[in-house]
Amino acid sequence: MPLKLHDTLSRADLELRPLDGKTLRFYCCGPTVYGPAHVGNFRTFVAQDVMRRVVEASGTPTLHVRNITDVDDKTIRDSQKAGQTLADFTRGWTEKFHADCDALNLLRPHVEPSAVAHIPHQIAMIEKLAATGHAYAAADGSVYFRVSSFKDYGRLSHLEDRELRLGASESASATDSDEYSKDSLTDFALWKARKPEDGANYWPSPWGEGRPGWHLECSAMILEYLGEDFDLHSGGVDLIFPHHENEIAQSCCSTHGRFAHHWMHVAHLMVDGGKMSKSLGNLYTLEDLRQRGYSAAEVRYVLISGHYRAPLNFTFHSLDSARQALQKLAKADKVLALLAPNLSPASPGPFQDAWDTLLNDLNVPGALGGIFGGLNKLKPATLTAEEAASARNGLHFMLGALGIVLPPVAEETVAEVPADIQALAQQRWDAKQARDWATADTLRKQLETAGWLIKDSKDGFQVLPK
RNA sequence: GGCGAGGUAGCAAAGUGGUAAUGCACUGGUCUGCAAAACCGGUAUGCGCGGGUUCAAUUCCCGCCCUCGCCUCCA
């Protein structure tokens, strides 16, 4: 059974079947590398990762393309602030992005093209658009797309022509000075003429020196790596308009294809009930959360714990909750591993319901519920080796589809226990052996206050961080 | 104003035309000197508000309220 996925354009849940009958080819809008990505950015990438894993787990190979935006106003501005060349600056942040992605267990895209490396492709696309009347050059050497030349403009975002004008006129006063020469306020830049503040960051073109507009890179690189028609395009909801709308216009007017056949958009991550933003100080990077003691796996768990199309509120409580949930899964796996030490997770086994739920528009919260529900029903003591193997393989099949890596079970992690704590714990054990309960309890409380828990067993004790 | 996504237990979050998964937290029991862990239970007569359709609605329809996002920087 193929994945059924909501399509933004048709507003319907449609089955994802590869156009070529073999490989699901899809494109995701990647990061602009001018700083560390925040968890909100990663929510989108994690959702896309789950989509890819589910498609692959259901037996369909994928071709995953995700770009790196390494030239735009922000990258240029911040590279200059940092006193670095654009290339050096963006390379550093790209590496940081990759490290974060790896930590979050995101599968690397098969192709990760950069905008700067595809400027000829972008120029070629503009030339096509200009030759067919969809693009025009302004006096300053900038080139714009003529929105009125594409009758389907606005279909993805369901914005009518009149509404577009309204929105444009409202922001007209704030319009960038370099866009004064557009024929219509709704037209958007394909090529931006060189400005003094661009520094060394300009490229030659038939219209003079300058640099490509943001929307264009995706269209050009999609054409290069996925062709005129491909299966799926994805990004955050905020990209629906104008970015994806513009991509459709550029691509459909410069090729004979239909562009993406399916659109997947991921809802925003909220913080404390609102949008995260630098000015509110509620913007967290993976690094921020790690410094607070959370693991990337815990962050990932939080990010997938809400349906991708619903806004998700991010809190520290949800990270704590994720930690416990992961421990629960790890413990369940440990018990099953006693009976079934060898893994070959090829099918959902007893978690078929959870798998079916996941195939229904990537219902991850529902699937997680199914996994826990299934585990609760399992009685390890009564399982045969075959049943245990089926359960454990099924569990790992599901975890693999969700990209969840189980943490070590907490009691097994060896914590650094300070000598004085260890000594106190020993005293308590001795008191206990002497059946001096009062002293033992006093010492236990003392240790607890210091942040340590004592776990007794028949012939010894363990000191654990609280 | 237009478009879109949401409002379900303390928190988070699924779901369904027939009377509410799951995780966290809390809590009762078994076990333990006491704990911890584990295991067995409990915790929404209720699913934003008001109408309507129906034998039956949280689930369908209508109206309203609230939250969030987008409307040319934005995952």
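Letters go in sequence order (proteins before strands), and every chain restarts at 1.
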What's the gap between [N] and [M] when it is taken at their [atom1] atoms, as a whole Å value?
N     : M     : atom1 : result
B:C66 : B:C49 : P     : 15 Å
B:G10 : B:G46 : C1'   : 16 Å
B:U32 : B:A37 : C1'   : 11 Å
B:C60 : B:A44 : P     : 24 Å
B:A13 : B:U8  : P     : 8 Å
B:G50 : B:C65 : P     : 15 Å
B:A21 : B:U59 : C1'   : 15 Å
B:A12 : B:G4  : C1'   : 23 Å

Which of these nucleotides, [options], is closest to any side-chain atom of [X]?
X        : options             : answer
A:Ser321 : B:A13, B:A75, B:C24 : B:C24
A:Arg444 : B:A14, B:A75, B:C34 : B:C34
A:Lys432 : B:G23, B:C34, B:A75 : B:C34
A:His268 : B:G69, B:A36, B:G15 : B:G69
A:Lys331 : B:A38, B:C3, B:G33  : B:A38
A:Arg43  : B:U72, B:G23, B:A75 : B:A75
A:Pro242 : B:G4, B:U22, B:U72  : B:U72
A:Asp456 : B:A35, B:A5, B:G23  : B:A35
A:Asn313 : B:A12, B:A14, B:G33 : B:A12
A:Gln324 : B:A14, B:C70, B:A25 : B:A25

**Message:** Which label fits A:Phe188 and A:Tyr153: parallel for a plane angle under 30°, tilted from 30 to 60°, or perpendicular past 60°?
**Reply:** parallel

**Request:** Would you please classify the geometry between the A:Phe230 ring and the A:Phe259 ring as parallel, tilted or perpendicular, with 30° and 60° separating the classes?
**Result:** perpendicular

**Request:** Start with the C-alpha distance between A:Lys192 and A:Asp73, add both sets of side-chain angles, then the distance that settles salt bridge (Lys or Arg N to Asp or Glu O under 4.0 Å), and finish with yes or no.
**Result:** CA-CA 11 Å; A:Lys192 294 185 166 190; A:Asp73 291 339; 3.8 Å; yes

Flag for [Y]-[X]: side-chain donor and acceptor within less than 3.5 Å:
X        : Y        : value
A:Thr32  : A:Asp72  : no
A:His244 : A:His265 : yes
A:Ser219 : A:Glu247 : no
A:Ser149 : A:His134 : yes
A:Asp320 : A:Ser318 : no
A:His98  : A:Glu112 : yes

**RNA chain B-proximal residues of residues 433-441 of chain A, any heavy atom under 4.0 Å** = A:Trp437, A:Asp441

Please state how far atom [atom1] in [X] lies from atom [atom2] in [N], giving the value in whole angstrom units.
X        : N     : atom1 : atom2 : result
A:His317 : B:C11 : NE2   : P     : 10 Å
A:Asp238 : B:C71 : CG    : C1'   : 12 Å
A:Asp73  : B:U72 : CG    : P     : 16 Å
A:Phe372 : B:C39 : CZ    : C1'   : 17 Å
A:Asn41  : B:C73 : CG    : P     : 17 Å
A:Leu368 : B:C24 : CG    : P     : 12 Å
A:Leu453 : B:A36 : CG    : C1'   : 7 Å
A:Ile304 : B:A12 : CD1   : C1'   : 14 Å

**Request:** Return no unless some side-chain N or O of A:Asn376 is found under 4.0 Å from OP1 or OP2 of B:G23.
**Result:** yes

**Request:** Determine: side-chain N/O of A:Asn363 to OP1/OP2 of B:G15, distance under 4.0 Å, yes or no.
**Result:**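 Checking A:Asn363 against B:G15: at least one side-chain N or O falls below 4.0 Å of OP1 or OP2.
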
For a quick check of understanding: with a heavy-atom distance under 4.0 Å over all strands, which category does [X] fall into, base, sugar-phosphate or nothing?
X        : answer
A:Arg66  : nothing
A:Ile371 : nothing
A:Arg11  : sugar-phosphate
A:Leu239 : sugar-phosphate
A:Gly40  : base
A:Lys379 : sugar-phosphate
A:Lys328 : sugar-phosphate
A:Pro311 : sugar-phosphate
A:His307 : sugar-phosphate
A:Gly369 : base
A:Ser305 : sugar-phosphate

**Prompt:** Nearest 0.5 Å, what's the CG-CD1 distance between A:Leu399 and A:Ile404?
**Reply:** 5.5 Å

**Message:** As an exercise, state the distance from CG of A:Leu226 to CE of A:Met221, rounded to the nearest 0.5 Å.
**Reply:** 11.0 Å

**Request:** Using the side chain to side chain contact (heavy atoms under 4.5 Å, CB included) rule, pick out the option among A:Asp361, A:Asp7, A:Leu9 that qualifies with A:Leu14.
**Result:** A:Asp7

**Request:** Verify the ring-centre separation between A:Trp191 and A:Tyr144: is it less than 6.0 angstrom?
**Result:** no

**Asked** Considering heavy-atom distances to RNA chain B, does A:Gly373 or A:Asn246 have its closest nucleotide positioned more toward the 5' end?
**Response**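 Its nearest nucleotide lies further toward 5', so the answer is A:Gly373.
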
**Asked** Any Lys/Arg nitrogen of A:Arg52 or A:Asp49 sitting under 4.0 Å from an Asp/Glu carboxylate oxygen of the other?
**Response** no

**Message:** Tell me whether A:Arg292 is salt-bridged to A:Asp288, with the criterion being a basic N under 4.0 Å from an acidic carboxylate O.
**Reply:**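 No.
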
**Request:** With pairs defined as Watson-Crick or G-U wobble and both distances under 3.5 angstrom, please note down RNA chain B as a dot-bracket string, | for pairing with another strand.
**Result:** (((((((..(((.........))).(((((.......))))).....(((((.......))))))))))))....

**Asked** Under 6.0 Å from the CZ atom of A:Arg155, do we count more than 12 heavy atoms belonging to anything else shown?
**Response**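 12 or below, so no.
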
List, with names and distances, any nitrogen or oxygen atoms from the protein found under 3.5 Å away from nitrogen or oxygen atoms belonging to nucleotides 47-49 of chain B.
none

